[in-house]
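Read the structure below first, then the notes.
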Amino acid sequence: MNPLMKALRVRHEILQSKIEGEMKAKQPDTIRITALKRMKLKLRDQIAALERAGAAFQQDRLNRRQMKTIPIKA
């Protein structure tokens with residue numbers, strides 16, 4: 001796994017834990033929860049973008065390999 005992807009996923013889990021902890025508090029700070037959720041959503045978007053880029057890269061590599069194996073008839 002890409003080190004950046006791994007770091008983003010770890011950060012995402014940390015934020016989820018912080019959100020859960022804040023929600024369990026006697027008086028949850030809704031502003032803090034909202035801010036944490038926004039940060040978590042931004043991380044999710046970054047993870048999704050990296051996954052799409054990785055999938056596109058893999059598809060491009062596959063397409064290039066297939067192009068090399070197709071015989072050209074003159």
Practice prompt. Report yes or no: do Leu50 and Met39 belong to one cluster of Ile/Leu/Val/Met/Phe/Trp/Tyr joined by side chain heavy-atom distances under 4.5 Å?
Written response: yes

Discussion item. If hydrophobic clusters are built by linking Ile, Leu, Val, Met, Phe, Trp and Tyr wherever their side-chain heavy atoms come under 4.5 Å apart, do Leu43 and Leu4 end up in the same one?
Written reply: yes

Worksheet item: If you round to the nearest 0.5 Å, how far is OG1 of Thr34 from CD1 of Ile19?
Response: 9.5 Å

Discussion item. Check Lys40 with Glu20, please: is the shortest side-chain N to carboxylate O separation under 4.0 Å?
Written reply: no

Discussion item. Is there a continuous path of hydrophobic side-chain contacts, each under 4.5 Å between heavy atoms, that joins Leu15 to Met5?
Written reply: yes

Worksheet, complete the sentence: One should read off an interatomic distance between Lys18 NZ and Glu13 CD, to the nearest 0.5 angstrom, of 13.5 Å

Worksheet item: Between NZ of Lys37 and CD of Gln16, what distance do you get to the nearest 0.5 Å?
Response: 8.5 Å

Worksheet item: Hey, any chance Ile14 and Leu8 share a hydrophobic cluster, counting ILVMFWY side chains that come within less than 4.5 Å of each other, even indirectly?
Response: no

